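Single-structure report; data block below.
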Amino acid sequence: MEPNLQEVSPENTGPVEAVDSLPFPFNQQSFCRFESIEKTIDCARVLIVDNLLRDEQDLSDIARAELGKDINTQLRREREIAAMAIQNIVTNIERLVKKPTTQIVHVSELARAVSDFRPHCIVLSGTLRDFDYYNPELLAGFADFIHTTSTPVLGICGGHQLIGLSFGARVITLDQQDQEQRRTNRVTEYQYRFVRIVEPEDPIFAGIDNPESRVWQDYTREGRILRVWQNHGLQLDRVPTGFKLLARSYLCRNQMMVKRSDNQLVYSVQFHLEKSFEDWHKSRTRWEHPNESRDGRLLFENFLRLALACQNRER
């Protein structure tokens, strides 16, 4: 039996019902309109740092004691998460840069890799475990590096916390407890959340309030708001000396910060700006445009531009 199809024409369609204007944030759509993405950065050499635990040598005595017989299972989990996290970062770079050159290195090999690869910038991945699970020598080696490097750095989520930890901040839960006091059932920030910009003049926010950015992005102009992906239960307890706070949220006061002193350019974000292209390969036929986190994409692009400009000035 043929389906009963009804022809739709202007004559048999009713008037489109107007939607009353609602105040922010109730006037937001659950999808974003198509926004073409043009690659405007010619080339960039980016060193991507895998911050997740790799093998038993990366573990602290605390981790060995608490993980016990599950060490190998948990390390395999670390490697699975690392693969996804790194791929999201690589995808961002490939979709923003015409001729990208990337190299992936574990955090334990960071200093040597920078010397050999000579990148324009460094991007630090997130983490999965608490930092007291990390071998103290690994953390000390990173601290030595981040205090002295002149290569621009972007830290993401756990990378943000690792930077703060290296400069004297403490890593605590979102309800102000020490890591070891609450390993499970933590308060978390998860999925897309709003983050408030507190330093809108910083160049990392260039273009965020562009009036050509489509209707769904109106909240950025209305309230200095970013819409970004969150997935964390830890935070820094303060802004370290030498850094400037750039954004905050209700649960996490330090969502974004920057260091622009001592011949350094170090940006770090608690949220996952690399999620801006994360869904592209999952379903290309989704109604939603794959670039759901437009703000994350712009921040990533702006960081690459600032890093390239910084390197060009030095040369």
Side-chain angles (χ1 to χ4, degrees), residues 47-91 102-114 122-146 153-191 229-237 252 268-272 274-275 278:
L47 184 64
I48 303 169
V49 182
D50 174 2
N51 279 329
L52 285 90
L53 296 169
R54 181 180 51 180
D55 52 39
E56 288 195 41
Q57 292 182 352
D58 295 337
L59 298 178
S60 67
D61 291 339
I62 294 174
R64 295 173 189 274
E66 294 193 8
L67 294 178
K69 295 180 180 179
D70 291 334
I71 283 180
N72 291 332
T73 300
Q74 296 304 322
L75 287 173
R76 283 195 296 270
R77 172 70 171 159
E78 291 272 336
R79 292 297 86 209
E80 292 173 0
I81 298 298
M84 291 187 288
I86 297 300
Q87 184 55 52
N88 286 341
I89 295 172
V90 171
T91 300
T102 59
Q103 181 172 312
I104 300 167
V105 65
H106 190 255
V107 62
S108 60
E109 303 165 345
L110 175 54
R112 184 175 69 250
V114 170
I122 300 166
V123 178
L124 306 175
S125 80
T127 56
L128 182 62
R129 300 294 169 184
D130 295 351
F131 287 107
D132 59 354
Y133 274 26
Y134 281 66
N135 187 323
E137 293 183 1
L138 191 154
L139 297 178
F142 176 82
D144 289 343
F145 171 83
I146 198 65
V153 177
L154 171 64
I156 299 172
C157 195
H160 162 80
Q161 296 166 8
L162 184 55
I163 291 171
L165 183 66
S166 300
F167 280 92
R170 292 171 55 235
V171 179
I172 59 175
T173 64
L174 294 182
D175 56 351
Q176 310 296 314
Q177 298 185 54
D178 291 331
Q179 300 172 77
E180 66 274 12
Q181 292 180 314
R182 193 169 186 178
R183 299 283 192 203
T184 60
N185 298 320
R186 287 173 172 166
V187 177
T188 60
E189 282 191 311
Y190 183 64
Q191 297 187 344
W229 182 266
Q230 302 271 16
N231 186 9
H232 68 104
L234 296 173
Q235 64 174 333
L236 296 176
D237 71 335
C252 177
S268 66
V269 297
Q270 180 59 75
F271 47 86
H272 285 272
E274 82 281 13
K275 283 280 290 186
E278 192 270 342

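Keep in mind it's a predicted model, so treat the numbers as computed, not measured. Residue numbers run from 1 in the order of the sequence given. The analysis underlying the following values was restricted to heavy atoms, covering all of them including side chains, and did not include hydrogens, waters or symmetry mates.
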Mind checking whether [X] and [Y] have side chains closer than 4.5 Å, heavy atoms only?
{"X": "Leu110", "Y": "Leu47", "value": "yes"}
{"X": "Gln74", "Y": "Leu128", "value": "no"}
{"X": "Leu75", "Y": "Leu53", "value": "yes"}
{"X": "Cys252", "Y": "Gln230", "value": "no"}
{"X": "Val105", "Y": "Ile48", "value": "no"}
{"X": "Val49", "Y": "Phe142", "value": "no"}
{"X": "Ile156", "Y": "Ile89", "value": "yes"}
{"X": "Thr73", "Y": "Arg77", "value": "no"}

- Would you mind telling me which of Gln270, Arg170, Gln235 makes a side chain to side chain donor-acceptor pair (under 3.5 Å) with Gln161?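 Exactly one candidate clears the test, Gln270.
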[atom1] of [X] to [atom2] of [Y]: how many Å apart, nearest 0.5 Å?
{"X": "Leu52", "Y": "Glu78", "atom1": "CG", "atom2": "CD", "answer": "5.0 Å"}
{"X": "Asp55", "Y": "Asn72", "atom1": "CG", "atom2": "CG", "answer": "10.5 Å"}
{"X": "Cys157", "Y": "Leu162", "atom1": "SG", "atom2": "CG", "answer": "11.5 Å"}
{"X": "Ile163", "Y": "Ser268", "atom1": "CD1", "atom2": "OG", "answer": "4.5 Å"}
{"X": "Leu234", "Y": "Thr127", "atom1": "CG", "atom2": "OG1", "answer": "7.5 Å"}
{"X": "Leu165", "Y": "Leu236", "atom1": "CG", "atom2": "CG", "answer": "8.0 Å"}

Can you give me the closest heavy-atom contact between [X] and [Y], atom names plus distance?
{"X": "Trp229", "Y": "Tyr190", "answer": "CZ2-CE1, 3.9 Å"}
{"X": "Gly233", "Y": "Thr188", "answer": "CA-CG2, 4.1 Å"}
{"X": "Ser60", "Y": "Tyr134", "answer": "CB-O, 3.3 Å"}

- Query: Heavy-atom count around Gln181 CD within 6.0 Å, excluding the residue itself: above 12?
  - Reply: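 Count over threshold, so yes.
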- Query: Does CG belonging to Asp175 count more than 12 external heavy atoms closer than 6.0 Å?
  - Reply: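 Count over threshold, so yes.
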Salt-bridge present ([X], [Y]; N to O < 4.0 Å):
{"X": "Asp58", "Y": "Arg129", "answer": "no"}
{"X": "Arg183", "Y": "Asp132", "answer": "yes"}
{"X": "Arg79", "Y": "Asp50", "answer": "yes"}
{"X": "Arg54", "Y": "Glu109", "answer": "yes"}

- Message: Applying side chain to side chain contact (heavy atoms under 4.5 Å, CB included) to Val107 and Phe145, what does each step give before you reach the verdict?
- Response: CA-CA 10 Å; Val107 62; Phe145 171 83; over 6 Å; no
So, does [X] use its side chain to make a donor-acceptor pair with the main chain of [Y] at under 3.5 Å?
{"X": "His160", "Y": "Leu124", "value": "no"}
{"X": "Asp178", "Y": "Glu180", "value": "no"}
{"X": "Asn51", "Y": "Ser125", "value": "yes"}
{"X": "His272", "Y": "Glu274", "value": "no"}

- Item | Side-chain donor-acceptor contact under 3.5 Å, Tyr133 with Gln179 |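 Note: Tyr133 and Gln179 side chains miss the donor-acceptor criterion.
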